[in-house]
Visitor: 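One structure is given below, represented as structure tokens, and several questions about it will come after.
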Amino acid sequence: MGVDLGPLIKSRRQIRVEELHGKSVAIDAYNALYQFLAVIRGEAGEPLTDSKGRVTSHLSGLYYRTLNLLEKGVKPVYVFDGKPPELKAQEIENRIRQRESARAKYEEALKRGDLESARTYAALSARLRDYMVEDAKRLLEALGVPWVQAPSEGEAEAAYMAAKGYVWASVSQDYDSLLFGSPVLVRNLTISGRRKLPRKDVYVEVVPELIRLDEVLGELGLTREQLVDLGILIGTDFNPDGIRGVGPVKAYNYIKKYGRLENIAELASELSSIDYNAIRTIFLSPSVAEPGPLEWRPPDEGAVVEFLCREHDFSEERVLNALRRLKASAPARTETLDRWFG
DNA sequence: CACATGAA
DNA sequence: TTCATGTGG
């Protein structure tokens, strides 16, 4: 789930996607694909599939959103997770349990004909399979959009790329990127701005927002090391339970008062069961790799149609229409592709 | 989530 | 143009 820094962060600025024109962004691929997979579903919560039963929800979302970003002059690079740190085992186990519980509730809801609940629980039980990740990478290749394989956490790699200036920002719904040191984080990078609130027939406007690490640290009066300690008190993927009874506000007060975990005497006992030095290392010296040169090429129309339409039964009309829109917005052929894509 | 369509 | 609704695969 990521660390719950939301309530503490006031320095967030709403932006329009157009403001990212000409900028490259490193997108947490797992985060994006999972959201597509969870939310792009039929009436009873079933995912979109091709005629062979392979799930395609994530491909639909990835395709249209990526083309939209390119159309607006944004250069995306997708960053895929590698091997998770050992300390993530508990979190991974929790997620599996939650998915299984949701799947049971999904089946119950279906049985009693409660489609709305079925849809909710279907989303919660969604699981991103290896073949779905492979398909996503193949689609990106056909689109001429680069992707990077992280050695470990995708968010860490994306943060590294942003910190090094390889990309302008990292993109994720989670705040972990900030702990990993991403100087700029973009959340809610969506095109259509309306989202339905769960359990209510109410729609809220969801606008992309920009968060700068230096502003967050400045406003909170913390160093990044302290922000990581704060995260550990709240709970991270590497200590999902955090400290009992400590949420964002109390955690912040502790860090402001005591400076670092070692100095919080009243939590010494609780903290003794957390390997917080290892967690600090994961965030402050994460396992990352040099990503290699990032290159954006024009989409290979034939490859896109072959993959989406021939292999996965997408509508050729829709697929080509989306490609046409990108071409219409693309620079004149005479202009170097570098101007837009490089 | 994003697209297509028809109504306002 | 905006908005609500149904569908995509």
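Residue numbering restarts at 1 for every chain, and letters A, B, ... go by the order of the sequence lines.
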Visitor: Whole-Å distance between C:dT7 P and A:R41 CZ?
Guide: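 Atom CZ in A:R41 sits about 18 Å away from atom P in C:dT7.
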Visitor: Would you mind reading off the distance between A:E116 atom CD and C:dG6 atom P, rounded to a whole angstrom?
Guide: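 Nearest whole value for this atom pair: 14 Å.
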Visitor: Rounded to the nearest Å, what distance is computed from the CD atom of residue A:Q35 to the C1' atom of nucleotide B:dA2?
Guide: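 That distance rounds to 14 Å.
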Visitor: Could you pull out the closest heavy-atom pair between A:G45 and A:A122, with the gap in Å?
Guide: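 The answer is O-CB, 3.3 Å.
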Visitor: Listed in order of residue number, which residues of residues 313-325 of chain A have a non-hydrogen atom at under 4.0 Å from DNA chain C?
Guide: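 A:D313, A:F314, A:S315, A:R318 - these, ordered by number, are the residues of the stretch whose heavy atoms sit under 4.0 Å from the strand.
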Visitor: Ring-plane angle category for A:F80 and A:W147, please: parallel below 30°, perpendicular beyond 60°, tilted otherwise.
Guide: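 Geometry flag for A:W147 against A:F80: perpendicular rings.
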Visitor: Ignoring hydrogens and geometry beyond distance, is a side-chain donor-acceptor pair present between A:N277 and A:R280 at under 3.5 Å?
Guide: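 Side chains of A:N277 and A:R280: pair found under 3.5 Å.
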Visitor: A:S177 and side-chain hydrogen bond (donor to acceptor under 3.5 Å, both in side chains): which single residue from A:R187, A:E155, A:E153 fits?
Guide: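 Result: among A:R187, A:E155, A:E153, A:E155 is the only option passing the side-chain hydrogen bond (donor to acceptor under 3.5 Å, both in side chains) with A:S177.
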Visitor: Scan A:T56 against the nucleic acid and name what it touches under 4.0 Å (heavy atoms): base, sugar-phosphate only, or nothing.
Guide: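 Sugar-phosphate, no base atom in range.
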Visitor: What is the distance, to the nearest angstrom, from the CG atom on A:L48 to the P atom on B:dC1?
Guide: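 So the CG-P distance, A:L48 to B:dC1, works out to 14 Å.
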Visitor: What's the shortest heavy-atom distance between A:P85 and A:F238, and which atoms?
Guide: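 In this case the closest contact between A:P85 and A:F238 is CG-CE2, 3.7 Å.
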Visitor: Atom CZ of A:R119 to atom C1' of C:dG6: distance rounded to whole Å?
Guide: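 That distance rounds to 11 Å.
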Visitor: For the pair A:E219 (side chain) and A:I9 (backbone), establish whether a donor and an acceptor sit closer than 3.5 Å, ignoring hydrogens and angles.
Guide: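 Such a contact is absent between A:E219 side chain and A:I9 backbone.
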Visitor: Which is true for A:I191 with a 4.0 Å heavy-atom rule: it touches a base, it touches only sugar-phosphate, or it touches nothing?
Guide: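 The answer is sugar-phosphate, as A:I191 gets under 4.0 Å only of primed atoms, P, OP1 or OP2.
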Visitor: Take atom NE2 of A:H312 and atom P of C:dG8, then tell me their distance rounded to the nearest Å.
Guide: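 A:H312 atom NE2 is separated from C:dG8 atom P by 18 Å.
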Visitor: Check whether A:L48 and A:Y121 end up in the same hydrophobic cluster, where Ile, Leu, Val, Met, Phe, Trp and Tyr are linked by side-chain heavy atoms less than 4.5 Å apart.
Guide: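 A:L48 does not cluster with A:Y121.
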Visitor: Does the separation of the ring centres of A:Y63 and A:F314 fall below 6.0 angstrom?
Guide: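 No; A:F314 has its ring centre 6.0 Å or more from that of A:Y63.
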Visitor: Indicate whether any N or O donor in one side chain lies under 3.5 Å from an N or O acceptor in the other, for A:N321 and A:R318.
Guide: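 No pair is found: no donor N or O on one side chain lies under 3.5 Å from an acceptor on the other.
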Visitor: Near DNA chain C, under 4.0 Å by heavy atom, which residues of residues 126-142 of chain A?
Guide: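 The stretch gives none, as no residue of it lies under 4.0 Å from the strand.
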Visitor: Once you round it to whole Å, what is the distance between P of C:dT7 and CD of A:E46?
Guide: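 These atoms are roughly 12 Å apart.
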Visitor: Could you tell me how far apart A:L62 (CG) and C:dG8 (C1') are, to the nearest whole angstrom?
Guide: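 Going from CG in A:L62 over to C1' in C:dG8 covers 16 Å.
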